[in-house]
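Reading through the structure tokens given below for one structure.
Heads up: numbering here begins at 1 and tracks the sequence.
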Amino acid sequence: MASKKYKLGADGYYQTKVWDGTYNANGSKHRVSLRSDKSSRDLERQVAAMKAQIESRNYVRNTDILFIDYSRSWLNVYKSRRSNNTKRMYENIIEKHFTALEMLKLKDVERIHIETLLANAEDKRRTQQQILLTFSAVLKSAVSDKLLAANVADDILRNTDKIKYKPSEKRPLTPAEKKAVFDATYKYDSDQAYVYLIYGCGLRREECVALTIFDFNFKKREVSISKAYEYITNTPGVKDPKSSNGIRTIPIPSKILPVVQSYVESVKHSGRTQLFVTMRDKKPLTKSAYDKMWKRIVESMQAVCIEDIVGLTGHVFRHNYCSSLCYQIPRVSIKRIAQLLGDTEAMVMNVYSHILAEREDVEGAVNDAINF
């Protein structure tokens, strides 16, 4: 006769402790007690059923935590190492949209709740997309934490329609705007140097405002990017470039070299190291000071531009830089363009595919193919 796996206790129960799939604060496994007053075999069945539930991710801990409270904890703990822009996006969704469900318990979440949030953001496709993205991430995290059954979360997400959102088409500079860049009379040398750098080197705003005199090598005619600024408040904070690709060296085109070199030398002679600073106290450029500088730049260009300048941003200059280089393919490779931009090859390919589409002669190609 086979021996019993579990012994009968003095209280008349067969009992054991089983891991519930979660962990204690110190990292040890959290275990729960299972017991049976019938037999060791019955307890074995309970243990097997418990393990099967854990393996299929259907076992959940009993908790009354609110959905909004868990969402906040998810952001503070699991997303703490994301970029500040990403964290601000999540925080905006949680505090401006998820608060509509502030009394909802996490375990009571159903499909109607995500549909309610999406309906509340009617006609705001990008916001709806961010709501669904955040909601999905929170539910998946709750499943990992054994606070929500995987089958419930999967059912909610599988039956919620994806949000189709297409961002507005990025545009390069118009021919008139390109001409205005070099025809304009700028109020300050710093304004001219800034607009020349983003035009000729395709720098992101956060990279350009962080430049110092030590980032330039005029013998090699190049500028090195190794840091960036971000504006969480009005005062800038130093951060790493957007990605590992962001650390790079860029050639300075001859068209902008004299102006850029002259300005860097003037900064050096003034005793400063930072290229772009506030007018009053010569400290690193604040967000408000940047906004004023950009307004001056656009006004200077508009004064000599033969068309109205509409929607001109620093990113238009960056897109123009990328587009201009794409027109040089195969003289320069897609990989090299991505390196110069500090971005991905996929992004460059997206721009290049648009350029190829513009150049296509579909009708002529069809005629040549058929009329052989």
Can you check side-chain contact (heavy atoms from CB on, under 4.5 Å) on L66 and L106, steps first, answer last?
CA-CA 5 Å; L66 296 177; L106 178 63; over 6 Å; no
Looking at every heavy atom in both C208 and L197, which two are closest together, and how far apart are they?
SG-CB, 3.9 Å
What pair of heavy atoms forms the shortest contact from S71 to I94, and how long is it?
O-CD1, 3.5 Å
Under 4.0 Å between a Lys/Arg side-chain N and an Asp/Glu carboxylate O for R171 and E177?
yes
Among the clusters formed by ILVMFWY side chains lying less than 4.5 Å apart, do L8 and Y13 turn up in the same one?
no
Can you tell whether the side chains of R204 and D343 come within less than 4.0 Å, N to carboxylate O?
yes
P172 side chain reached by V316 side chain, heavy atoms, under 4.5 Å
no
Please confirm whether the backbone N or O of K219 pairs with a side-chain atom of N217, one donor and one acceptor, at under 3.5 Å?
yes
Any ion pair linking K227 and D215 (charged N to carboxylate O, less than 4.0 Å)?
yes
Decide yes or no on salt bridge (Lys or Arg N to Asp or Glu O under 4.0 Å) for D64 and K107, but give the supporting numbers first.
CA-CA 7 Å; D64 287 327; K107 64 183 180 183; 2.9 Å; yes
Mark yes when over 12 heavy atoms from residues, nucleotides or ligands other than N76 sit less than 6.0 Å from its CG; otherwise mark no.
yes
Can F214 be reached from F276 by stepping across I, L, V, M, F, W or Y side chains whose heavy atoms are under 4.5 Å apart?
yes
For the residue pair K17 / S33, report whether a side-chain donor-acceptor contact shorter than 3.5 Å exists.
yes
Quick one: CG on D123 to OG1 on T127, what's the gap to the nearest 0.5 Å?
11.0 Å
Would K255 and F182 count as a cation-pi pair here, with the cationic atom under 6.0 angstrom from the ring centre and within 45° of the axis?
yes
Membership question, hydrophobic clusters at under 4.5 Å side-chain separation (ILVMFWY): are V348 and Y327 in the same one?
yes
S40 side chain to K5 main-chain N or O, any donor-acceptor pair under 3.5 Å?
yes
Determine yes or no for a side-chain-to-main-chain donor-acceptor pair under 3.5 angstrom, with Y70 supplying the side chain and A142 the backbone.
yes
Between S141 and V138 (side chain of the first, backbone of the second, donor and acceptor by atom type, cut-off under 3.5 Å), is there such a pair?
no
Please determine if D154 and R158 form a salt bridge, counting it only when a charged side-chain N lies under 4.0 Å from a carboxylate O.
no
About how many Å separate OG of S136 and CG of L157, when rounded to the nearest 0.5 Å?
4.5 Å
Could you tell me if the side chain of M301 sits less than 4.5 Å from the side chain of V181, heavy atoms only?
yes
Quick check: do M293 and Y194 have side-chain heavy atoms less than 4.5 Å from each other?
yes
Counting distance only, does the side-chain N/O of S266 pair as donor-acceptor with the main-chain N or O of Y263 below 3.5 Å?
yes
Say whether T286 and S288, considering side chains only, have a donor N or O and an acceptor N or O under 3.5 Å apart.
yes
At what distance, to the nearest 0.5 angstrom, does CG of L117 lie from CD of Q128?
10.5 Å
F317 vs L203 side-chain heavy atoms within contact, under 4.5 Å
no
Could you tell me whether R41 atom CZ has more than 12 heavy atoms of other residues or ligands within 6.0 Å of it?
no
Rounded to the nearest 0.5 Å, how far does CD1 of I256 lie from CD1 of I198?
10.5 Å
Is there any side chain to side chain donor-acceptor pair (under 3.5 Å) pair reaching into residues 293-302, and which pairs are they, with sequence neighbours excluded?
D191-R296
Steps toward side chain to side chain donor-acceptor pair (under 3.5 Å) verdict (D42, Y6)
CA-CA 10 Å; D42 180 62; Y6 300 106; over 6 Å; no
To check you understand the geometry: which heavy-atom pair defines the closest contact between L34 and M50, and what is its length?
CD1-CB, 4.1 Å
Can you tell me how the ring of F67 sits relative to the ring of F135, calling it parallel under 30°, perpendicular over 60° and tilted otherwise?
tilted
Between CD1 of I309 and CD1 of I297, what distance do you get to the nearest 0.5 Å?
11.5 Å
Are the side chains of D145 and W74 in touch, meaning some heavy atoms are under 4.5 Å apart?
no
Expected output: side-chain T278 to main-chain K283 donor-acceptor under 3.5 Å
yes
Please round to the nearest 0.5 Å and tell me the distance separating atom SG of C322 and atom NE2 of H315.
9.0 Å
Might you point out which heavy atoms bring I131 and I114 nearest each other, and give the distance in Å?
CG2-CD1, 3.9 Å
Do L173 and I337 belong to the same hydrophobic cluster, where Ile, Leu, Val, Met, Phe, Trp and Tyr are linked whenever their side-chain heavy atoms lie under 4.5 Å apart, directly or via other members?
yes
Test side-chain contact (heavy atoms from CB on, under 4.5 Å) on M347 and L341; report intermediate values, then the result.
CA-CA 10 Å; M347 186 282 294; L341 285 159; 3.7 Å; yes
Quick check against the 3.5 Å criterion: does S353 have a side-chain atom that pairs as donor or acceptor with the backbone of N350?
yes
Side-chain touch L133/M89, heavy atoms, less than 4.5 angstrom:
yes
Using modelled atom types and a 3.5 Å cut-off, is there a donor and acceptor pairing between side-chain atoms of E345 and backbone atoms of I334?
no
Residues R88 and E91 bridged, charged N to O under 4.0 Å
no
Are the side chains of L275 and I213 in touch, meaning some heavy atoms are under 4.5 Å apart?
yes
Quick one: list whatever passes salt bridge (Lys or Arg N to Asp or Glu O under 4.0 Å) with R331, sequence neighbours left out.
none
Restricting to non-hydrogen atoms, name the atom on A176 and the atom on E307 that form the minimum distance, rounded to 0.1 Å.
CB-CD, 3.5 Å
I would like to know whether K38 and L43 meet side-chain contact (heavy atoms from CB on, under 4.5 Å); could you show each step before the answer?
CA-CA 8 Å; K38 295 180 181 179; L43 182 57; over 6 Å; no
Do V267 and V277 land in one hydrophobic cluster if side-chain heavy atoms of ILVMFWY residues count as linked below 4.5 Å?
no
Members besides M279 in its Ile/Leu/Val/Met/Phe/Trp/Tyr cluster (side-chain heavy atoms under 4.5 Å):
Y188
Show your working on side-chain contact (heavy atoms from CB on, under 4.5 Å) between F216 and V260 and close with a plain yes or no.
CA-CA 10 Å; F216 293 85; V260 171; 3.8 Å; yes
Please check this pair: side chain of R318 against backbone of G202, looking for a donor-acceptor N/O pair closer than 3.5 Å.
yes
Has R31 got a side-chain atom pairing as donor or acceptor with V18's backbone, closer than 3.5 angstrom?
no
Identify the heavy atoms of V109 and L104 that sit nearest to each other, and give their distance.
CG2-CD2, 3.7 Å
Any non-hydrogen side-chain atom of T160 less than 4.5 Å from a side-chain atom of L118?
yes
Test log, rule salt bridge (Lys or Arg N to Asp or Glu O under 4.0 Å), inputs E222 and R248
CA-CA 10 Å; E222 60 188 24; R248 61 201 191 278; over 6 Å; no
Does atom NZ of K179 have more than 12 heavy-atom neighbours, drawn from other residues, nucleotides or ligands, at distances under 6.0 Å?
no
